[in-house]
Amino acid sequence: MNQLTYIICGKLYDGIKAEFQENMAVLVNGKVIEAVAPQASLPCPESARRVDLSHATVTPGMIDAHMHMDYLDWHDIRGEVYTTSEEMKTIAVLHTANECLKRGFTTVRHTGGINMTGFGVLDAKRAIARGLMPGARIVAAARTMGSAGSHGDNSQAFSANPEFSRMAQSMKRGLGAGKDFFVNAVREEIKYGSDFIKIMATGGFFTPNDTPTQQQLNDEELKAIMDTAHEWGSTVTAHVYTPAHMQKLMSFGIDGMEHCSLMDEETAAMIVDKGVYVVPTFCPYEEAVHYDPVAIQDKQPEFRRKLELYKDALQAGREVIKNSKCMLGYGTDFVANHQNYESGYEYKAWMESGMGGFRALQAATATNAKILGLSDQIGTIEAGKLADLSAWKRDLLTDPLALLDCAFVMKEGVIYQTVCCDGIEAKQ
């Protein structure tokens, strides 16, 4: 017999309406939500476990749509590339998923390995789905696809030693050149179980020897990747920054784009018209957008240099994104400023950019569920959906730290321990 759980909500954000409903209750039957209604019309069954969250705001379980789960500590992320085994990187994925769950993020999207060269993230995903390990639900692209010397090529750091760099490059099986290579790479990625395809279309901020304005896959390669993925029933998202490159990707049929930090108004309008989603990952660029010359010193030297160089363009792009009608997802991309499981920091970045609490909450719930292809299962609090629920004691509309302090989390009807992110004092 399924366990019944009756949850009393102080306030309820259901992921559908941009409002908090008061005096609501949620009845969970086993793994799914059976009913959502005012407490007066939904009495607690005698056999139900009663959970009193009258002191908190209940939301759908949060979703982080841009993560790299395969490292243990951002302070040594580059060292972990070659000093930890594939097995340890898989353990890192499981650790990250478990820590995310404790912090109220019940689903995460792994947008390709930073350190991982194989497919361990897919094993971690399956282990969690089978209930062998606790952790956030994983949607994953195991490998990023890119070219030699691109943003996806960790061996850039060893370019002064060509023999070693070439050996290190060969370990990243998503790196290659030419239409035929990438057609086969897409097929393999789908064969092994990746849920979508992730490409490094341009350079970036974190890597030492490239720039965000470089196109790093040629037109023929881009078209081959997208055509093949769509023929095989998958979708493609791209690491990209500039308006020209975003427009080119859309002309080839891209499904979504990550970062897009240098966006202009013309491109934003095209994104809306094409129905392409954007996961803007605000947090990694905060020291430049809200310029802080002291905090920016904590970044790696090449990251710091590029943030300084593109500071004005990043600030202008943030304004365009804020004022756009683009379908925006919530994603973190933590590689240089927070541990990868501290997903609540992105909420702070949205709030301090004037995005508004409800817009951020929608991005992290219903919109992300749509991006992940899971709208029929998660993202809103409705009868028939999986019982993924989180609760927060802080004021979600005024407190930028609200999503760093989880008071309650349930995934598929099971209640898990919660923790507060490091350095954040928990609300009593």
Between [X] and [Y], does at least one N-O distance fall below 4.0 Å, as a salt bridge requires?
X    : Y    : result
K427 : D405 : no
E188 : R143 : yes
E342 : R103 : no
D210 : K306 : yes

- Task: Check step by step if side chain to side chain contact (heavy atoms under 4.5 Å, CB included) holds for L314 and F205.
- Result: CA-CA 12 Å; L314 287 165; F205 284 84; 4.0 Å; yes

Greater than 12 external heavy atoms within 6.0 Å of [X]'s [atom1]:
X    : atom1 : answer
K348 : NZ    : no
K31  : NZ    : no
K370 : NZ    : no
E265 : CD    : no
K311 : NZ    : yes
Q297 : CD    : yes
M327 : CE    : yes

Take the angle between the ring planes of [X] and [Y] and call it parallel below 30°, perpendicular above 60°, tilted in between.
X    : Y    : answer
W350 : F282 : tilted
W392 : F105 : perpendicular
F358 : F20  : tilted

- Identified salt bridge (Lys or Arg N to Asp or Glu O under 4.0 Å) partner of D195 from the options R109, K125, R137, R126: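 Single pass found, and it is K125.
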
[X] and [Y]: side chain donor to acceptor below 3.5 Å:
X    : Y    : answer
D333 : T281 : no
Y291 : E308 : yes
E86  : T117 : yes
H230 : D255 : yes
K385 : T380 : yes
H151 : T207 : yes
E302 : Q300 : no
T202 : Q216 : no

- Query: Can you check side chain to side chain contact (heavy atoms under 4.5 Å, CB included) on F196 and V139, steps first, answer last?
  - Reply: CA-CA 8 Å; F196 62 99; V139 174; 4.1 Å; yes

- Query: Knowing that exactly one of V278, V320, T242 qualifies, which makes a side chain to side chain contact (heavy atoms under 4.5 Å, CB included) with C260?
  - Reply: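 It is V278; the other options fail the test.
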
- Criterion side chain to side chain contact (heavy atoms under 4.5 Å, CB included) against T267, the qualifying member of H245, M257, M250: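 By the side chain to side chain contact (heavy atoms under 4.5 Å, CB included) criterion, T267 pairs with just one of H245, M257, M250: M250.
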
- Would you kindly check if the NZ (Lys) or CZ (Arg) of R318 is within the cone defined by 45 degrees around the ring axis of Y285 and under 6.0 Å from the six-membered ring centre? no

- Task: Could you tell me whether Y341 and F334 have their ring centroids closer than 6.0 angstrom?
- Result: no

- Query: Between H110 and H66, is the gap from one ring center to the other below 6.0 Å?
  - Reply: no

- Query: Do the side chain of N368 and the main chain of I63 share a donor and acceptor less than 3.5 angstrom apart?
  - Reply: yes

